Amino acid sequence: MLECIVTKFGGSSLANDEQFRKVRSILELEPTRQYLVPSAPGKRFPSDDKVTDLLYACYDLASSGKDYEHLFVRIRERYLSIAQQLHLKVDIEAALDEVSRGIGEDKSRDWVASRGEYLCGLLIADYLGWRFVDAVEGVRFHDDGTLDDEKTQELLSGILKDGKPSVVPGFYGARADGEVVTFSRGGSDITGALVARAVNADVYENWTDVSGFLMADPRIVENPAEISSITYKELRELSHMGASVLHEDAMFPVHRAGIPTNIRNTNKPYHPGTLISRNAPNEASVPTITGIAGHKGYSVIYVEKNMMNSEVGFGRKVLALLEEYGISFEHMPTGIDSMCVVVKSELLAPHRDEVISRMEKLVEGSGSVAVNDNMSIIATVGRGMVHNCGTAARLFSAMSRARINVRMIDQGSSELSIIVGVNDSDFEATVRAIYHEFVG
Ligand code: ASP
């Protein structure tokens with residue numbers, strides 16, 4: 001039996017009173033679910049607005065001296081309707097008045113945005129009869145706006161050590177001087193992970209509106225299989241390539257603390273979802289590949305220079321040049337007298353001519369520089385690849401049968417992934433070919 005579970009519920013899981021009811025019954029199913037981190041109410045239907053977006057819009061209106069009350073009414077109605085439907089006692093009207101006043105009184109953008117989670121936390125704490133812990137008390141930011149990880153751990157674990165069931169609103173915290181700071185969008189996932197680490201939870205459950213991760217993008221592969229278990233490292237590779245359900249920064253605190261994250265679906269509470277852990281269980285039955293993810297829109301800078309292999313420091317000069325323009329590179333396969341640097345086209349575009357002409361100077365007289373745009377990068381990820389011979393062979397024969405020209409190959413140094421570069425026009429066909437080869 002699990003001893004302590006931290007739950008985080010996303011915006012769609014708290015969008016209205018009906019969703020609140022589902023949350024309570026999920027908590028009642030498992031009494032060791034003792035901590036809850038809420039997002040702000042999200043969309044109730046596809047064309048609806050998230051409360052956080054409405055708050056940002058109110059802030060923008062107020063800061064340009066325009067009337068925001070007509071928009072704030074929509075926020076007000078959402079919280080009031082939940083409170084009324086669930087017969088809550090908390091004085092949410094007073095709290096809403098204070099938020100509205102704050103917007104008019106030049107409160108910071110982060111303060112305004114954070115009120116979505118704050119108000120939602122007040123409601124859910126009242127509904128559950130749990131303690132409300134304001135995140136400004138437990139989540140600490142440095143003056144430069146980055147998280148003060150150590151202090152946060154100290155503060156949160158201190159507050160929560162009495163074991164009382166508690167609600168800690170997601171997405172924000174405060175600097176030492178009390179000024180509210182938010183994470184980037186989707187940041188309640190990070191708060192959930194910080195709370196899980198602070199109470200040394202057995203599991204961090206992240207409840208959302210999907211049943212976990214899929215092996216491939218459903219817009220490309222019809223009905224892709226679900227991923228039941230994945231390691232943090234694999235997930236990092238996949239989410240870097242665009243598979244997103246969880247905020248990227250939410251993995252670090254729990255990964256380091258050895259706490260598994262379980263992605264669950266509020267609308268299907270009995271579905272086991274995806275379990276993310278340091279070492280996935282059932283290693284005996286591990287599938288060869290865990291997932292496929294990719295992106296269009298990369299450029300390959302191809303640099304050729306005679307005797308490159310014997311010139312010490314040449315690669316550094318190429319990378320230092322990119323660094324000067326703030327362009328990070330994604331991959332860098334090298335040959336004896338050539339190297340390819342794969343970068344996001346949108347990062348290269350503003351400096352393209354300058355970068356290329358300066359690189360040409362680096363190889364002057366004994367080489368050349370060329371750029372190929374419209375490249376897609378596809379990562380096939382799987383911890384099973386290390387133990388299985390022939391994975392690469394299968395992957396490339398599948399691509400060749402589909403008549404796809406491989407433009408670049410890179411096997412991640414972790415042996416967790418095989419990266420291929422193809423023309424953008426071959427992107428979808430490549431994902432499908434690899435998926436059907438390994439999954440059927
Ligand atoms: N409410 C915030 C957002 O919409 C944070 C979150 O939901 O995690 O980004």
Side-chain angles (χ1 to χ4, degrees), residues 7-29 33-59 62 68-105 107 111-138 164-172 180 182 187-188 191-192 195 207-209 266-267 269:
T7 61
K8 178 258 167 180
F9 285 86
S12 55
S13 304
L14 293 160
N16 56 21
D17 58 292
E18 194 191 326
Q19 294 300 85
F20 268 59
R21 288 197 173 90
K22 286 186 194 167
V23 169
R24 186 157 82 176
S25 59
I26 286 169
L27 297 172
E28 282 167 358
L29 276 177
R33 293 182 174 131
Q34 287 153 345
Y35 301 92
L36 186 148
V37 174
S39 280
K43 296 184 180 199
R44 294 157 294 182
F45 40 88
S47 61
D48 197 13
D49 286 304
K50 293 179 172 190
V51 163
T52 309
D53 289 321
L54 294 173
L55 285 164
Y56 278 125
C58 284
Y59 172 84
Y68 60 88
E69 271 298 341
H70 69 282
L71 204 56
F72 193 76
V73 168
R74 290 179 51 199
I75 299 174
R76 199 180 274 279
E77 278 168 358
R78 293 200 56 177
Y79 287 98
L80 286 179
S81 120
I82 296 171
Q84 277 154 11
Q85 296 295 332
L86 302 176
H87 311 292
L88 303 183
K89 292 181 294 295
V90 61
D91 191 353
I92 201 71
E93 289 225 53
L96 282 159
D97 288 343
E98 201 189 311
V99 174
S100 172
R101 253 196 322 276
I103 300 174
E105 282 167 1
K107 286 280 199 184
W111 182 87
V112 175
S114 72
R115 298 303 87 186
E117 272 70 10
Y118 170 81
L119 294 166
C120 192
L122 290 179
L123 292 188
I124 192 85
D126 187 37
Y127 185 45
L128 300 172
W130 287 10
R131 169 175 63 181
F132 174 81
V133 174
D134 193 344
V136 295
E137 311 293 336
K164 277 195 194 152
S166 306
V167 171
V168 184
F171 191 39
Y172 72 95
V180 167
T182 62
S188 300
T191 313
V195 171
W207 290 82
T208 175
D209 51 9
T266 302
N267 305 315

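All values derive from a computational prediction rather than experimental measurement.
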Side-chain heavy-atom pair [X], [Y] within 4.5 angstrom cut-off:
X: P165; Y: L128; value: no
X: Y127; Y: R21; value: yes
X: Y35; Y: T7; value: no
X: W130; Y: L27; value: yes
X: F20; Y: C120; value: yes
X: P269; Y: K22; value: no
X: S39; Y: E117; value: yes
X: V167; Y: P38; value: yes

Kindly compute the distance separating [atom1] ([X]) from [atom2] ([Y]), expressed to the nearest 0.5 Å.
X: L119; Y: L96; atom1: CG; atom2: CG; result: 5.0 Å
X: L86; Y: E18; atom1: CG; atom2: CD; result: 11.0 Å
X: H87; Y: D17; atom1: NE2; atom2: CG; result: 9.5 Å

Does R78 form a salt bridge (Lys or Arg N to Asp or Glu O under 4.0 Å) with D48? I'd like the steps, not just the answer. CA-CA 11 Å; R78 293 200 56 177; D48 197 13; 3.5 Å; yes
Is R115 positioned over the aromatic face of Y172, cation under 6.0 angstrom from the ring centre and no more than 45 degrees off axis?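 Yes, a cation-pi geometry holds between R115 and Y172.
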Side chain of D126, backbone of V90: donor and acceptor closer than 3.5 Å?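 Indeed, once roles are kept as given, a pair shorter than 3.5 Å links the two residues.
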Give a yes or no on whether the backbone of A113 and the side-chain of Y56 come within a donor-acceptor separation of less than 3.5 Å.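 Checking the backbone N and O of A113 against the side chain of Y56, no donor-acceptor pair under 3.5 Å is found.
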Hey, would you say the Y118 and F132 ring centroids sit under 6.0 Å apart?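 Judged by ring-centre distance (under 6.0 Å), Y118 and F132 do meet the cut-off.
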For a side chain to side chain contact (heavy atoms under 4.5 Å, CB included) check, start with the C-alpha distance between L122 and Y79, then their side-chain angles and the critical distance, and finish with the verdict. CA-CA 10 Å; L122 290 179; Y79 287 98; over 6 Å; no
Result of checking V37, T208, T266, I124 against F9 for side chain to side chain contact (heavy atoms under 4.5 Å, CB included):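 Only one of V37, T208, T266, I124 forms a side chain to side chain contact (heavy atoms under 4.5 Å, CB included) with F9, namely T266.
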In a check of side chain to side chain contact (heavy atoms under 4.5 Å, CB included) between L36 and each of V168, V23, I26, V195, which one passes?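 Exactly one pass, corresponding to V23.
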Carefully, step by step, assess E69 and S100 under the rule side-chain hydrogen bond (donor to acceptor under 3.5 Å, both in side chains). CA-CA 8 Å; E69 271 298 341; S100 172; 2.3 Å; yes
